[in-house]
Colleague: 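Have a look at the structure that comes next, please.
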Amino acid sequence: MTSFSDLNLDPKVLKAIEATGYTTPTPIQKGAIGPALLGRDVLGIAQTGTGKTAAFTLPMITLLGKGRARARMPRSLVLAPTRELAAQVAENFDTYAKGSRLKKALLIGGVSFKEQDRLIDRGVDVLIATPGRLIDHHERGKLLLTGVEIMVVDEADRMLDMGFIPDIERIFEMTPFTRQTLFFSATMAPEIERITNKFLSNPEKIEVERQNSTSETITQVLVEHTPKTKAMAAKDKRDILRAIIDRDKALADNPLRNAIIFCNRKVDVDIVAKSLKKSGYNAEPIHGDLEQSHRTRTLDGFRDGSITFLVASDVAARGLDIPNVSHVFNYDVPSHAEDYVHRIGRTGRAGKLGTAYTLSVPSDQKYLDAIESLTKSTLPRGENPWSPPGAAGARPARNEVEEEEATAKRSTSRTRSRSRKPVEDKTAEAPVSAPAPEAPKGDAPRAQTPRNAPHKDDRQDRDASDARTGGRSRGGRGRGDDRGPRVVGLGDHVPGFIEMSFEERRGES
DNA sequence: AAAAAAG
């Protein structure tokens, strides 16, 4: 078995690796580090979570150990598609370059030029950048790329998706053709292939197992829901989300400690985050419209556990390495099947268990088909722990209580008489207070989660994973597919949209 | 129907 010490890395780098506790290189590291140290170009076909970042940072630090940086002429360049990813790479350099004197600069948008200019002027060995800001600096004449000895392109397929390929080509052309190139992509789309043919010379090709097969440490669950009306889908999904969260906090098998909740649109990120917060959950949104400093703060908060629920756009779908994410939710089914793989890959990392829920409504069918054909699997259908208020045979959904309270506060007295609702009797045993406090960061005292009382029976009779995935066709309870047409009035039953704030309603369409 | 990145 290979260990890092067999890889000819700088002793200082080895020491830094040792300090992190890693002993054995991952396949991509094993394959890439050797050739990179020999000065070869490397074409790595690998997804994040495979140890890709270290596969290029470790040899880079070793190679750059000799030599010194000159003003405005960085000796190496790493390109990443998003600011967060660039920042993550920068952190990796900090970790592994501890014993060295290498200077680095992080050039990303959304922050001031001033500090970045200062660093460039002073001379850097490693420049880590997003394409836009890098080109901006170059155009302002502050930066020369003619001294670049090593250039890294990370997440090239994502760059392609984001339309960065022309920028990448431009940047390639700014660097000397004698440079060494380390190029990483999760896929080899034709356009990617063209670029690599053009800019890499006789690369060592390393392909590690595609993760389209999705990690075995991730339990995937599809929760299907048919809303009464299309307009109710979003609100129903928020209720379902909360119900699953509350239920999974108490699981014996990978209990929910925290979660990333993905939405397809930025507005929905905001809405879902707000709705969770309003219900007492420790949630924060993250997407590209938020100020960079805010994004950074939020991500840090989620990493250190001070934020429990990260509601995110696909800005957080790829590459971000956040250890210890117990759950991922696809609040929306991603419309690109690959994004599904990337999103759920945020959990179940480093051999830990992860659970990935996908909430779907009938109109998502074609995207689900695409996901299932990409992953070559059928997503296990799981039980929907929530049923809409007033559904025939519905078990008491705790949200009815909350919603009723919320509605009562919001609306002036309605015609319906709340006291007559049979639901009230059923839920009397369930706590009526605000939602349970967030699961603490560490080990949680789950025994005292009365919130889950209504589901207790299920949990006793089945093991945890069965409770999650087993309930599809059992007992005809729940989703109400067989319900006949019913008269909906304001007597016993209140249509969902009535219970929504105007703000929420606006968010629906 | 979208998100991301340079403003």
Colleague: Could you tell me which residues satisfy salt bridge (charged side-chain N to carboxylate O under 4.0 Å, His left out) with A/Arg133, sequence neighbours excluded, listed by chain and number?
Modeller: none
Colleague: The criterion is side-chain contact (heavy atoms from CB on, under 4.5 Å); which residues satisfy it with A/Pro59, sequence neighbours excluded?
Modeller: A/Ile33, A/Ala36, A/Leu37
Colleague: Across nucleotides 1-7 of chain B, 5' to 3', mark each nucleotide with B, S or - according to how protein heavy atoms within less than 4.0 Å reach it.
Modeller: BBBBBSS
Colleague: Considering residues at least two apart in sequence or located in another chain, which fulfil the side chain to side chain donor-acceptor pair (under 3.5 Å) criterion with A/Asp161?
Modeller: A/Arg318
Colleague: Return the set of residues passing side-chain contact (heavy atoms from CB on, under 4.5 Å) with A/Ala90 (not counting sequence neighbours), or none when no residue passes.
Modeller: A/Lys104, A/Leu106, A/Ile128
Colleague: If a pair satisfies ring-ring contact (aromatic ring centres under 6.0 Å, His included) and one of its residues is in residues 107-129 of chain A, list it, with sequence neighbours excluded.
Modeller: A/Phe113-A/His137
